[in-house]
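Everything on this sheet refers to the single structure shown next.
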Amino acid sequence: MGAKNKVIFGRIYCSGTSCSTESQSNSKFSSSISIASIFKSFKRKLVVGSFHSTPSFKSYVETCASLLRRCSCTHRLLSGLALQGHAVKCGISSDRSVFTKLLTMYSECNRPADQNRIFIEFAGSDIFSWNFMITDFARSGDIDSASNLFDQMPERNVVSWTIIIDELMKRGRVRDALGYFERCPCHTVVSYTAMINGFARNVMYLDGLLTFRRMIRYGLMPNEITFTCVITACGFCGEFDFANSVVGMIIKNVFGQNLSVCNSLITLYLRMGDAGMARKVFDGMVERDVVSWTALLDVYFQMGDLKEARHVFNKMPDRNEVSWSMMIARYSQSGEAVEALWLFKHMLCNGFKPNISSFASVISASASLENLLHGRSVHSHVVKFGCENDIFVASSLIDMYSKCGKSDDARRIFDSLAMKNIVCWNAMVGGYFYDGRMVEAKDLFMQLPERNAASWNAMISGFVQNELYEDVLETFNEMLTSGQVPSRMTFSSVLLACASLPSLEKGKNLHAKTVKLGIATEIFVGTALTDMYAKSGDIESSKSVFCLMPEKNEVSWTAMIQGLADSGLAEESLALFEDMKKTDINPSEPMFLSIIFACSHCRLVDKGFHYFESMDKVHGITPKERHYTAMVDLLSRAGLLRQAEDFIRKMPIQPEANTWAALLSGCVTHGNDGIGERAAKMVIELERQSTAGYVLLSNIYASVGRWKDVSKVRTLMRETGIKKGGGCSWIQIRDCFHAFYSWDSNHPNALEIYEVLELLIPEMIPCML
DNA sequence: CTAGGGTTAG
């Protein structure tokens, strides 16, 4: 024991105050023993009387300070207390270097009361101690005590000012920070940088840039940290000209090789949309860290090259939780939700702690998959890591439960939040719509403390999902009246509603509005317009909108191909499909549905089979039930009823009721009651509540003159309590749409509706009454 | 001979 302690003691004594050289001994026991032996040894050496001038006293103080520092590094409170006891006894506890180390030790060991006590006892006018205390108060969340302390300081240096400015900015108190900044008698690069970055933190980028300009005028030279902050601010607010002039300064002042400056430049060029330049910066760096590599990942994500991003991720020399979060977030945003979940799992397997960002991304991936099981399991991790009160995590949880149809679970999280932001409110409104709980959704919307475009969009798309198109238009009008400018999202939802309404007027009106806002050819709006015009029967306008779109995605092409097919322009639809195959867009599942449908309309049986077979063979898409149904429709319409029945019996998957219904409907057209009866039996068996089977069957009997069987089917329907649903129609009177049903003469505006109808189509009235 | 400002994800 003795030998070991002597070695430690000797090392400390000889190497002065260096903490790092003697941090090897890490057992609590040996550490406190060594401290005790130091004092024993020192007591022997100290000579009373020559105390204050001897070198041994100086060494004693230094050693004491050094040991205290070691105690705070290793959080050994007991040893620290023992040391303080000795220091007090020997009368050196008010020595500046001992005292500052004591302050640090109490702070590190989380003893604010003791820390405060010795501060009040000894601090006096020592600026360092005051600054230390201010930082400590601020970092523990008590910014008011921090600024009180600052105001009481007998004397301040520029560090004091910078601390208080930075801490106020971090807490969003921009005005207070600015007040201190203006009162600060002397500025440095650091105080200016704190100010610039403080503005940026509070989304006041332009003020940050102006402060930067003021700093240059003041004659201060920015350093690499200032440049990093300014470049980041430029990227956020899109001030690319300003950014370019800053880049000039960076190069002139030889900061072009600095690690963080280059890292921020990669992101700047990405925000400018110049992935090539971003890549160039990365290639030219002399030194790279995990931040540089993570930024490079985003370069490939922005170019849409997931493969290369994945490749870079695999070969990166180092990863941290941000790199993992980035991968999870981008995969989730690219619609690769399954891959996002996989990455999250592997992040945990690799020993990384999930953080708020990775939670938010992985929850939104589970939401888009509507995978409740996975969502719940991530939720349990969220609770385990104590992130359930984070607003980002909570709002994505609300969204996840909503999309899985669990609005009550969503509501529980919503209610548990002490601080809710507008995102949570909007997600919850959407949640009720997903569950079809319109009353609750509307109620909650009325309670919203503030409304943004997303709140209105939640209402509008909620009504669209529930096919309440009148409410869509009504809400849209309210939105305009409230002064809220509609977004792309709004237009694509409202246009979707217009596509389902008979009047083209509203749609045209909306088209005009989007032109005014300059978003008519934007991908989402343009696609919705294409769809709306096609569904409203104005295929020429649909085509012209489609052609004007500079960028088209899979959905846009589907809308146009489907629109042409549905308008009976089957040849054109097929030609467009061939055009699309020449671009880098791959045919999708719904597209094939339209293509087969188009073939069906033109009786192009062979072509239809060709496309159907190419799905699996060429494009690797497994045909779904509805594709088989479309094929049956193709064969049945062409009168190939026997082949159609054969086709169904050979299907590798269970046919849906609609598959048989397609055959049945062909039997009606071609008057085949033999196959028709079998098909009808299958339809009724697969879908007992549905009227379609019965109605079609009775139609077949009627078409071949089996009137007795017709009345048998009708009786059967009556007995099983199945009613034929009434038809629904729409009419527009002035600015309002009215839905009315064939049995509905109780509509509040019935009289007016009938009056209008009488003008239009007088012979329709008797059928409806 | 110690303090104050920073880059990547959400």
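Heavy atoms only: backbone and side chains are in, while hydrogens, waters and symmetry mates are out.
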Within this structure, what is the CG-to-C1' distance between A/L102 and B/dT2, rounded to whole angstrom?
15 Å
Run the side-chain hydrogen bond (donor to acceptor under 3.5 Å, both in side chains) test against A/D144 and tell me which residues pass, sequence neighbours left out.
A/R173
Distance check needed: B/dT7 C1' versus A/I250 CD1, whole Å only.
12 Å
Between B/dT8 (P) and A/N320 (CG): distance, integer Å:
12 Å
Of the options B/dA9, B/dG5, B/dA3, whose atoms approach the side-chain atoms of A/N157 most closely?
B/dA3
Is any side-chain N or O of A/Q333 closer than 4.0 Å to OP1 or OP2 of B/dA9?
no
Would you say that A/T294 contacts A/D298 through its side chain, given a criterion of any heavy-atom pair below 4.5 Å between the two side chains?
no
Taking the side chain of A/M326 as heavy atoms from C-beta outward, which of B/dA3, B/dG5, B/dT8 is closest to it?
B/dT8
Compute both the distance and the angle, then confirm whether A/K403 meets the cation-pi test with A/Y434: under 6.0 Å from the six-membered ring centre, within 45 degrees of the axis.
no
Ring center gap for A/F119 and A/W130 short of 6.0 angstrom:
yes
Using the side-chain heavy atoms of A/T267, tell me which of these nucleotides is nearest: B/dT2, B/dT8, B/dG5.
B/dT8
Check each residue of residues 129-137 of chain A for a non-hydrogen atom within less than 4.0 Å of any atom in DNA chain B, then write out the ones that pass by number, or none.
A/N131
Can you tell me whether the side chain of A/D298 and the base of B/dA9 have a donor-acceptor pair closer than 3.5 Å?
no
Using only heavy-atom distances, decide whether a donor-acceptor pair under 3.5 angstrom links the side-chain of A/N355 to the base of B/dG10.
no
Which nucleotide in the set B/dT8, B/dG4, B/dG10 lies at the smallest distance from any side-chain heavy atom of A/T188?
B/dG4
Would you indicate which nucleotide in B/dG5, B/dG10, B/dA9 comes nearest to any side-chain atom of A/I356?
B/dG10
Rounded to the nearest Å, what distance is computed from the CZ atom of residue A/R156 to the P atom of nucleotide B/dG4?
19 Å
Quick one: list whatever passes side-chain hydrogen bond (donor to acceptor under 3.5 Å, both in side chains) with A/Y180, sequence neighbours left out.
A/D151
Check whether the side chain of A/R319 and the base of B/dT8 form a donor-acceptor pair under 3.5 Å.
no
For A/Y205 and A/F236, take the angle between the two ring planes, folded into 0 to 90°, and tell me which bin it lands in: parallel under 30, tilted 30 to 60, perpendicular over 60.
parallel
Ion pair check, A/R330 and A/E336, cut-off under 4.0 Å
no
Could you tell me how far apart A/F255 (CZ) and B/dT7 (C1') are, to the nearest whole angstrom?
15 Å
Can you measure A/F150 atom CZ to B/dG4 atom P for me and round it to whole angstrom units?
15 Å
Would you mind classifying the nucleic acid contact of A/A329 as base, sugar-phosphate or nothing, using non-hydrogen atoms under 4.0 angstrom?
sugar-phosphate
What's the closest nucleotide to the A/R271 side chain, out of B/dT7, B/dG4, B/dA9?
B/dA9
Under 4.0 Å, counting only non-hydrogen atoms across every strand here, what does A/V393 touch: a base, just sugar-phosphate, or nothing?
nothing
Close approaches to DNA chain B from residues 158-165 of chain A, in residue order (heavy atom, under 4.0 Å):
A/V158, A/V159, A/T162, A/I163
To the nearest angstrom, how far is A/M400 atom CE from B/dG10 atom P?
20 Å
With a 4.0 Å cutoff (strictly under), does any side-chain N or O of A/R201 reach OP1 or OP2 of B/dG5?
no
Set of side-chain hydrogen bond (donor to acceptor under 3.5 Å, both in side chains) partners for A/S366, sequence neighbours left out
A/H374
May I ask you to say what A/D126 touches in the nucleic acid, namely base, sugar-phosphate or nothing, with a heavy-atom cut-off under 4.0 Å?
nothing
Going by modelled atom types, is there a donor-acceptor pair between the base of B/dG10 and the side chain of A/S358 at under 3.5 Å?
no
Can we say A/D176 and A/R171 salt-bridge, meaning some charged N sits less than 4.0 Å from an Asp/Glu carboxylate O?
no
Under the 6.0 Å and 45° cation-pi test, does A/R156 pair with A/W161?
yes
A/W293 aromatic ring stacked with six-membered ring of B/dT8, 5.5 Å and 30°:
no
Please name all residues satisfying side-chain hydrogen bond (donor to acceptor under 3.5 Å, both in side chains) with A/S129, sequence neighbours left out, ordered by chain then number.
A/D126
